[in-house]
Number of protein chains: 2
Amino acid sequence: MARSSEPRRQATLASIAAELKVSRTTVSNAYNRPDQLSPELRERVLQAAKRRGYAGPDPVARSLRTRKAGAIGLLLTEALSYSFRDPAAMSFLAGLAESCEAAGQGLLLIPAGAERDDVQAAAVVQQAGVDGFVVYSVADDDPYLAAVRERHLPIVVCDQPRNIPEAALVAIDDRGAMKMLAAHLISQGHEHLAVLCMRLGRDRRDGVVPPGRLADSHFHVQRERIAGVQAAMIDAGLDPDILTVVERFDHTVRSGHSAAAQALQANRETTALLCTTDVIALGALNFARVSGIDVPSQLSVTGFDGISDAIRENLTTVRQDAEEKGRRAGKLVLSSSHSGIVAAETLPTELFRGRTAGPPPKQPPAIA
Amino acid sequence: MARSSEPRRQATLASIAAELKVSRTTVSNAYNRPDQLSPELRERVLQAAKRRGYAGPDPVARSLRTRKAGAIGLLLTEALSYSFRDPAAMSFLAGLAESCEAAGQGLLLIPAGAERDDVQAAAVVQQAGVDGFVVYSVADDDPYLAAVRERHLPIVVCDQPRNIPEAALVAIDDRGAMKMLAAHLISQGHEHLAVLCMRLGRDRRDGVVPPGRLADSHFHVQRERIAGVQAAMIDAGLDPDILTVVERFDHTVRSGHSAAAQALQANRETTALLCTTDVIALGALNFARVSGIDVPSQLSVTGFDGISDAIRENLTTVRQDAEEKGRRAGKLVLSSSHSGIVAAETLPTELFRGRTAGPPPKQPPAIA
DNA sequence: GTGAAAGCGCTAACAA
DNA sequence: TTGTTAGCGCTTTCAC
């Protein structure tokens, strides 16, 4: 057991102990329980360690023994490099990172997102040495999510999906917020609304959304926000089935741009574009600008999230505190190891009345 | 050894093996080498696993055995939540994440940054179960960095610091790029330059920088960029000692704003503000705007990085591809385990001629 | 204050 | 194709 002298090998706790002719416990204590041994001995141990280039107890071995990884895993659907371009996701990440940092816990970004079959997806998730997972905005049929559930570790889901009983939840009232926004528009006289949304499923299906797909959407947030619009319509006595919905897979300003064009094409009477995210709304605004359509006199445009670019542009939107959401999610995973209870937190939202929504024009806008 | 039946306990590879009366190797193979056993047997194993709620081999135990963690660690000096507000850092992170994702490796954000003493810093780094580290823009006397070096794992340093022989390097020619920018300004007639820079040391020392501190700066990038300005001055026969340098600890637009005010206060003849980052430059521009100073006719302002906000504002700056830098860094750590060689890559930069630099005014700007 | 024993859960030779 | 044998490096009772 005691390998007393092997020259070219990384030092281990055992080798240091052997060199000093003390027990492994003592060396371990030197690092983990300084009060359990005399300062002099501790000093000797630390000296020997430094001499041998020993960096302290191997984190992996320690994790195995203590059954804690000292990190929590973050699952993002999108290819990571995509997520990093989404301001709302970044704010969330910032908040989450803050919680982890405060607790001295690492935050492991799970390499999900690349094209992988289910088996590989599972492998990637299985490989993660973490004490819990935070799942941000993934489809409810996401294979990575399925793999995460298999791990039987604490899970906190954000925004999506809601069909996981064992997971804690941090969310906002997407439907309510969007309903309020739509009602605001309707009260100003809009009757022909269109929604521009992000992907509704894991497959790329850009275009005008047929009714069936809406109900089948695997993205909770999108589904809810659209449902909010429909609820407002129903309340106002409008037929929700006449709502035009345009879907885009990529969550980019470009997508918003082309989606706006498509929505107006599909229904020329449209007077308001309700976008399910600010990024898309910014694209829609962009489209209006290059098409010579004045906002809001000829067309109203609204967003959702309250990212700084949108606020700067004075976009009418729903503000939410994505950073706080991240912080909450972090605290929840970090604490859920102790308490067995699964919490559900709903954070507030606020209607931001910008300059991009107003009464509808007498004539719908003409497209160039 | 074989604990055949213990009811309330998470299943392990051994328990599955025992239940099926096969060896542990077989179960292991079912996951790691499907070709090493018959499909039927494999199926039986997987079935039993599912039944018992076994998620597959414990990642920590596997890491211990295989000596690979399947993740690389990222060390950021700033409190994580700060870094997430820095567009250049985010681009870097996006690129790095992309490399990791492609390789199926996790990216662990080390919880550095919180106020911690050196011992705690070391502990946090020691705790990280990773196969290598990427160090982004930290001071060369950073305690976390010291702890990272102790780990004796592959290290890739970005931008800073250069005094680590065992680390691979990804950088740009900060000095050269800044020198070119300064020369450009000088050639247009500017003689009274000021530099607005980020923190030069780990302590907060906002204000006009005395000569000594400049030389002692622990932040390589800042030091180099300022040196670039001075080099251009020397080339042009200007006395580099008359250069005004204003330092700010926080890397924010606000900081840039106040730093600009201070620089102009300190030397009323100043006709050009060279900022070491775009974020600061945006703040300087902001200051000029609210002070009624026209840019560039009364004051020239330049940045560094080429973040999208800056390009949109048409700021005269140095563009670099932060995302590519991240990608490169990722590839380097991931490969440096094999090859023992330590590489050094220098990425190109490009002068972006925006609208914020022009010839100096006859009269220096008056401050409100 | 220090040591001995017993694994944490897994994989990698090597045999069978 | 499957099983046996040894640990990977560490922490943790429990004695001394």
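The separation between A:Glu19 atom CD and D:dG9 atom C1' is 17 Å, rounded to whole Å. What separates CD of A:Gln126 from C1' of C:dG9 is a distance of 14 Å, to the nearest Å. A:Leu20 places its CG atom 14 Å from the C1' atom of C:dG3, with the value rounded to the nearest Å. Rounded to an integer number of Å, the gap from A:Arg67 CZ to C:dC10 C1' is 10 Å. A:Arg65 has its CZ atom 15 Å from the P atom of C:dC10, to the nearest Å.
Checking B:Val138, B:Asp203, B:Asp141 one by one against B:His218, the side-chain contact (heavy atoms from CB on, under 4.5 Å) holds for a single residue, B:Asp141.
The shortest distance between the side-chain N/O atoms of B:Arg24 and the OP1/OP2 oxygens of D:dT5 is not below 4.0 Å. Within the 4.0 Å cut-off from OP1 or OP2 of C:dG9, not a single side-chain nitrogen or oxygen of B:Thr12 is found.
Within residues 26-33 of chain B, the residues having any heavy atom under 4.0 Å from DNA chain C are, by residue number, B:Ser28, B:Asn32, B:Arg33. Residues of residues 49-64 of chain A that place a heavy atom closer than 4.0 Å to DNA chain C, in numerical order, are A:Leu64. For the segment residues 34-46 of chain B, residues with any heavy atom less than 4.0 angstrom from an atom of DNA chain D are, sorted by number, B:Gln36, B:Leu37, B:Ser38, B:Leu41.
Along DNA chain D, the nucleotide closest to B:Thr66 and the one closest to B:Ser23 are compared, and the more 5′ of them pairs with B:Ser23.
The base of D:dT4 lies close enough to the side chain of B:Thr25 for a donor and an acceptor atom to sit less than 3.5 Å apart.
For B:Tyr136, the ring pair (Phe, Tyr, Trp, His ring centres under 6.0 Å) partners are B:Phe92, not counting sequence neighbours. Residues passing the ring pair (Phe, Tyr, Trp, His ring centres under 6.0 Å) test with B:Tyr54 are B:Tyr31, sequence neighbours excluded.
Side-chain atoms of A:Asp118 never come within 3.5 Å of backbone atoms of A:Pro143 as a donor-acceptor pair (strictly under, hydrogens ignored). A donor-acceptor contact shorter than 3.5 Å is absent between the side chain of B:Arg327 and the backbone of B:Gly95. Under the 3.5 Å distance criterion, the side-chain polar atoms of B:Ser335 are matched with a main-chain donor or acceptor of B:Lys331.
The CG atom of B:Asp35 sits 8.5 Å away from atom CZ of B:Arg33, with the distance rounded to the nearest 0.5 Å. Rounding to the nearest 0.5 Å places OG of B:Ser137 at 5.5 Å from CG of B:Asp159.
The minimum heavy-atom distance between B:Glu150 and B:His152, with the atom names listed, is O-CD2, 2.8 Å. The two residues B:Ala71 and A:Leu108 have their closest heavy-atom pair at CB-CD1, 3.8 Å.
Checking C:dT11, D:dG9, D:dG3 against the side-chain heavy atoms of B:Val22 singles out D:dG3 as nearest.
For residues 43-63 of chain A, the set of pairs meeting the salt bridge (Lys or Arg N to Asp or Glu O under 4.0 Å) definition, not counting sequence neighbours, comprises A:Glu19-A:Arg51, A:Glu19-A:Arg52, A:Asp58-B:Arg67.
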